[in-house]
Amino acid sequence: MKSRDALSRLKRFDVEEKQRKVAEIESLIGDFNQMANDLDRQIAIEQERAGVSDTNHYAYPTFAKAAIQRRDNLLASAADLETKLMKARETLAEAFEELKKIELLEERDAERIKIEQARAAELGAVAGVPHRVAS
């Protein structure tokens with residue numbers, strides 16, 4: 001029984017760790033997307049200031065070119081994180097299912113112990129022997 005309690009605690013910890021990992025990845029994706037949006041605004045401001053929106057034009061601002069590259073890198077990183085997020089959610093779901101199985105086994109064991117104690121109490125009452133609860 002104690003080994004099952006330890007296993008249950010371990011599975012709960014595993015689920016919580018996987019939940020933290022999912023939340024961390026979601027936060028990173030949100031941060032990357034926000035930074036990309038900020039860069040988009042900066043690019044638009046720089047293009048408006050320079051009066052040139054064609055990236056191949058000789059007068060196109062260098063800052064805007066660099067910002068476009070950074071934005072594209074951020075969006076690529078966010079896309080990579082989306083893949084990792086899907087995998088992390090799958091492993092979280094698997095860990096949660098394992099935890100549910102362990103908890104169901106614990107509930108079944110607790111119910112079985114209650115039934116055994118009730119039977120022992122009934123037998124003790126019939127035999128006239130006081131019932132002792134085993135720990």
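Sorted by first and then second residue, the pairs that involve residues 60-82 and meet salt bridge (Lys or Arg N to Asp or Glu O under 4.0 Å), not counting sequence neighbours, are Asp40-Arg71. The salt bridge (Lys or Arg N to Asp or Glu O under 4.0 Å) analysis of residues 41-59, with sequence neighbours excluded, yields the pairs Asp38-Arg41, Glu46-Arg49.
Leu81 is connected to Met35 through a chain of hydrophobic side-chain contacts under 4.5 Å among Ile, Leu, Val, Met, Phe, Trp and Tyr, so both are in one cluster. Under a hydrophobic-cluster definition in which Ile, Leu, Val, Met, Phe, Trp and Tyr are linked whenever side-chain heavy atoms come within less than 4.5 Å, directly or via other members, Ile43 and Phe32 are assigned to different clusters. Grouping the Ile, Leu, Val, Met, Phe, Trp and Tyr side chains by contacts below 4.5 angstrom, directly or via other members, places Leu75 apart from Ile29. With hydrophobic clusters built from ILVMFWY side chains whose heavy atoms lie under 4.5 angstrom apart, Phe96 does not share a cluster with Leu7.
For the pairing with Glu116, the salt bridge (charged side-chain N to carboxylate O under 4.0 Å, His left out) check across Arg119, Lys114, Arg112 returns one residue only, Arg112.
Note: Lys101 NZ to Lys11 NZ = 9.5 Å, rounded to the nearest 0.5 Å. To the nearest 0.5 Å, the span separating CD on Gln117 from CD1 on Ile115 amounts to 11.0 Å. If you take CD1 on Ile68 and CD on Gln42, they are separated by 12.0 Å, rounding to the nearest 0.5 Å. Once rounded to the nearest 0.5 Å, the distance linking CG of Leu85 with CD of Glu90 reads 10.0 Å. To the nearest 0.5 Å, atom CG of residue Asn33 and atom OG of residue Ser77 are 10.5 Å apart.
The pair Lys84-Glu24 does not count as a salt bridge, with every side-chain nitrogen at least 4.0 angstrom from each carboxylate oxygen. Under 4.0 Å is where a charged nitrogen must lie from a carboxylate oxygen, and between Lys100 and Glu97 at least one such pair does. The existence of a salt bridge linking Glu17 and Arg20 is confirmed by a sub-4.0 Å separation between a basic side-chain nitrogen and an acidic carboxylate oxygen. A salt bridge does not link Glu16 with Arg12: none of the charged nitrogens is closer than 4.0 Å to a carboxylate oxygen.
Using a 4.5 Å cut-off on side-chain heavy atoms (C-beta onward), Lys18 and Asp14 make contact. Side-chain atoms of Ile102 and Glu98, non-hydrogen and from C-beta on, never get closer than 4.5 Å to each other.
Atom OH of Tyr60 sits in a crowded spot, with more than 12 heavy atoms from other residues, nucleotides or ligands closer than 6.0 Å.
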task: Starting from the C-alpha separation in whole Å, work towards a yes-or-no answer on salt bridge (Lys or Arg N to Asp or Glu O under 4.0 Å) for Arg89 and Glu26.
output: CA-CA 11 Å; Arg89 284 181 176 159; Glu26 288 172 341; 2.4 Å; yes
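Shortest non-hydrogen contact noted between Ala36 and Leu74 is N-CD1, 4.0 Å. Across all their heavy atoms, Glu106 and Ser8 have their closest contact at OE2-CB, 3.0 Å. Looking at every heavy atom in both residues, Ala88 comes nearest to Ile25 through CB-CD1, 4.0 Å.
Formation of a donor-acceptor pair under 3.5 Å by the Ser27 side chain with backbone atoms of Ala23 is not found in this model.
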